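Notes for the one structure printed next.
Order of appearance sets the numbers: ligands from 1, and atoms from 1 within every ligand. Computed from heavy atoms alone, side chains included, the values below leave out hydrogens, waters and symmetry copies. Here the structure is a predicted model, which means the values were calculated and not measured.
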Amino acid sequence: MNFHTLILGLAILCLLGWGLRQRRLIRRLLHPQNSQHAQDLRVLASARSERDSLLNAFPDAFLIADAQGVIQHCNQAAIELLGPARLTGRAVLETLRDARLAAPYLECRDTGKPAVAQILLPAEAAPTRGQDPSGGDSVWVVDAAPIAQAEGPPHIRILLRDLSAEHQLEQIRKDFVANASHELRTPITLVDGYLETFLEAPELLDDRPTALRFLGIMRKHTGRITRIIEDMLLISRIESRAAATLRMEDFLLVECVQDIIERLESLIQAQQASVRIDLHDPAVTLHGDRFYWTQILFNLIENALKQNPKPGLQVTIHSETTDTGLRVEIIDNGIGIPAADLPFIFKRFYRVEKHHSQNEIKGTGLGLSIVKRAVEAHGGAITCQSAPGLRTSFLISLPR
Ligand code: ADP
């Protein structure tokens, strides 16, 4: 039994108890000579408030309709979800609006048996969810069951639980698996193709230059497979590690940047690029997990270089303090990112396709999503602005 079911059970018990108490009290109130009138009124009010606070503590929308389909009780979550402020007295079908949401209620009403369904609604059909409509598809569990009455036909309780967040997470997970398999399949198929060529025409092995060229291509693709797997492992490591388990330490930003520049030195030389360190204070320290900060800054500086192989690229690592904290910015004057792509670049596997020529091996499309998650794990935020050909900047803001 989960927590929600427990609360729901309590709420129903409370309602039943309240119903009985109410009937007894009303009987006595109708015959005041037998009762202590004022005290009974107080007991009735307190029972009603007890019932309401229990139902209102329940996070799912909860309604009780009588045999005529008129709402007799509802909790605060139901009002926020289905509005208006007063739902009691309204027809349950009119309140639920969408026929798909109403289906379990109708089934329960017609068969007298409990009915549960999980329902996917498109954005335009979703209940309002108060002041915060999510904009996307929504998923609901609607659970209807009869509640026996001391007299007369049963009432029906209806519970609506919003499962949209869980659904979205599941969707992200499925997309990730699908994208990862797709990204891995391409290089594996290519390597497989070359190996097959060798097996079907072993005389190719005697043609040294061709054999070496094929081996070189295979090596590039296996390198890509390794990089995708490393990136995926890193993402899952960041996501499975709560911020509290990061290995926090103070370290000099300049040292971390210099390490990265050393690792990228051959690429910098080959592209005749210049990388400038422009810190507001050479002794500025970062408080965080150095392994992740190296990864963040490495990905950003490497991206600037990777996307701009033409000579003359300038990359600047800039820092400054503000009232709210520290800002670290990686700026380049390369081809930049078109405005239409900017909203998506931090998504997993997203690449600005036109940046890559056909024969070039693409990046994994995971670099920036790793950067974003790692920055957020440190309580920071990252944004990107780009004026293609002039200035592209990745700005990291860290709280004090
Ligand atoms: P990738 O592995 O393809 O580099 P990223 O997630 O690191 O993946 O980057 C996503 C896309 O953003 C890249 O494909 C590239 O087109 C674009 N991008 C990232 N940084 C820059 C930059 N400094 N200049 C131009 N484009 C960039």
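- The shortest distance between side-chain heavy atoms of L252 and V284 does not fall below 4.5 Å.
- Near I337, meaning under 4.0 Å from any of its heavy atoms, are these atoms of ligand 1: 18 (N), 21 (C), 25 (C), 26 (N), 27 (C).
- Of all atoms in ligand 1, numbered sequentially from 1 with element shown, those under 4.0 Å from a heavy atom of K306 are 1 (P), 2 (O), 4 (O).
- Under a 4.0 Å N-O distance rule, the pair R391/D332 does not qualify as a salt bridge.
- If you number the atoms of ligand 1 from 1 as listed, the ones under 4.0 Å from a heavy atom of F394 come out as 20 (N), 23 (N).
- Counting atoms of ligand 1 from 1 in the listed order, those under 4.0 Å from a heavy atom of L368 are 5 (P), 6 (O), 7 (O), 9 (O), 10 (C), 12 (O), 19 (C).
- Residues L253 and V328 form a side-chain contact, since some pair of their non-hydrogen atoms from C-beta on lies under 4.5 Å apart.
- Close approach of ligand 1 to A304 is summarised as follows: ligand atoms under 4.0 Å from at least one heavy atom of the residue are 23 (N).
- Below 3.5 Å of separation, one finds an N or O of T364 facing an N or O of ligand 1.
- Nearest heavy atom pair, residue F58 against residue N75, reads O-ND2, 3.4 Å.
- Each of the following atoms of ligand 1 lies closer than 4.0 Å to a heavy atom of Y350: 10 (C), 11 (C).
- For F198, the ring-ring contact (aromatic ring centres under 6.0 Å, His included) partners at least two apart in sequence or on another chain are F214.
- Every N/O-N/O distance between N308 and ligand 1 stays at or above 3.5 Å.
- Distances below 4.0 Å separate heavy atoms of G336 from the following atoms of ligand 1: 25 (C), 26 (N).
- Other residues, nucleotides and ligands contribute over 12 non-hydrogen atoms within 6.0 Å of the CD atom of E302.
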Salt bridge (charged side-chain N to carboxylate O under 4.0 Å, His left out), that's the test. Do E183 and R227 meet it? Break it down for me. CA-CA 11 Å; E183 292 293 328; R227 178 94 195 246; over 6 Å; no
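- Salt bridge status for E166 with R161: absent, with no side-chain N to carboxylate O gap under 4.0 Å.
- Of the options V352, N333, D332, I345, the smallest heavy-atom separation from atom 22 (C) of ligand 1 is shown by D332.
- Residue-ligand proximity, R351 to ligand 1, at heavy-atom distances under 4.0 Å covers atoms 3 (O), 14 (O).
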